[in-house]
Amino acid sequence: MTEFFAHCAEPTARISPMTAILVHELKHIGTGASGVSGSRLISSAHEFFEGDDGKLVVGAGKLMGRDDLENLLREILNRSLRKATLLPTAVVSISSTHIAWTTPAAVRPMIFKPVGLKPQTLTVPWPRLLMVANSNSHFSVAALASNRRITAHTKLYHAPLMNVNQVGRVCTGSAPLPDYCDAEQLTAWEAVMFESAFTHVNHPHSLKVGHQADAVETKDCFKFWADLATQNTVRFPNSALNPLKMSVTDFISRHA
């Protein structure tokens with residue numbers, strides 16, 4: 001609960017309790033011949049008042065109707081949405097439960113700690129990526145072959161990376177994850193990808209190696225990236241990408 005107030009309140013804000021909403025379970029126990037039993041939930045609103053010792057006390061409650069509860073929740077939601085936020089141009093989609101954005105193709109370090117191989121950091125050309133983070137701390141990624149503005153018709157590819165499964169979900173392991181999925185946390189989410197160590201291939205379609213489109217193993221993937229580093233390649237070879245059989249909308253919806 002403390003984390004909620006820390007996230008929602010302004011740094012200089014003073015939090016003053018106004019109303020407490022209690023949810024009650026109303027049970028119906030049948031005593032007649034039918035023996036019908038069941039339960040439903042009702043809610044009550046309780047104002048705060050100051051006790052003799054100066055501490056706040058929850059007062060007697062008033063039952064709330066469905067309209068009362070809906071209006072209160074709508075007011076709380078509207079207040080949380082009033083603060084205007086300018087979104088970075090890389091953001092593709094955002095809601096209260098997710099944010100999706102792209103990262104440009106670029107030469108960056110890539111850290112490897114595969115089982116049975118010596119840990120290494122290689123400087124390699126990363127492809128452009130579509131990333132999705134959600135409020136359940138799940139992180140997903142797909143690859144893009146073009147720098148054009150992303151649309152619902154943009155073709156997606158499997159991220160040619162270790163630690164990513166066949167639908168794009170990233171195995172984050174013990175990597176520290178951001179607390180929230182909003183525009184202010186994009187750099188922190190990207191660090192989960194760019195600053196964590198890759199350990200294993202999660203599915204055989206992650207990339208094309210030679211004529212192999214569906215039989216890539218960890219050693220094959222590592223050799224692919226090591227060869228790019230040795231050759232000082234500055235642009236990811238799109239011919240190594242495997243199509244992901246999901247549209248942009250489906251991919252974001254699945255991971256939002």
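One-based numbering along the sequence shown. Since this is a predicted model, take the numbers as computed values, not measurements.
Put simply, the side chain of Asp220 gets close to the backbone of Glu217: a donor and an acceptor are under 3.5 Å apart. Remark: the backbone N or O of Asn202 is not paired with any side-chain donor or acceptor of Asn165 at under 3.5 angstrom. Proximity of a side-chain donor or acceptor of Ser196 to a complementary backbone N or O of Met193 within less than 3.5 Å is not detected. Remark: side-chain polar atoms of His158 are not paired, donor with acceptor, to backbone N or O of Pro160 under 3.5 angstrom. Proximity of a side-chain donor or acceptor of Thr233 to a complementary backbone N or O of Arg235 within less than 3.5 Å is not detected. Listed for the Asn134 side chain is a donor-acceptor partner under 3.5 Å among the backbone atoms of His255.
With 3.5 Å as the limit, one finds no donor-acceptor pair spanning the side chains of Ser247 and Thr249. Using modelled atom types and a 3.5 Å distance limit, the side chains of His46 and Thr19 yield no donor-acceptor pair. A side-chain donor from one of Arg169 and His138 sits under 3.5 Å from a side-chain acceptor of the other. Looking at Ser44 and His24, their side chains do bring a donor and an acceptor atom within 3.5 Å of each other. Between the side chains of Asp250 and Ser253, no donor-acceptor pair is found at a separation under 3.5 Å. Side-chain polar atoms of Asn242 and Ser206 form no donor-acceptor pair below 3.5 angstrom.
The shortest side-chain heavy-atom distance between Leu129 and Thr102 does not fall under the 4.5 Å cut-off. Two residues are said to be in side-chain contact when any heavy atoms from C-beta on lie closer than 4.5 Å; Lys155 and Val248 fail this criterion. Residues Val132 and Val141 fail the side-chain proximity criterion, which asks for heavy atoms closer than 4.5 Å. You'll find the side chain of Thr121 reaches within 4.5 Å of the side chain of Pro109, heavy atoms only.
Aromatic ring centroids of Trp225 and Phe198 lie 6.0 Å or more apart. Centroid-to-centroid, the aromatic rings of Phe236 and Trp126 stay 6.0 Å apart or farther.
Of all non-hydrogen atoms in Thr172 and Phe139, the two that sit nearest each other are CG2-CB, 4.3 Å.
Of the options Thr218, Leu122, Thr199, a side-chain contact (heavy atoms from CB on, under 4.5 Å) to Phe112 is made by Leu122 and by none of the others.
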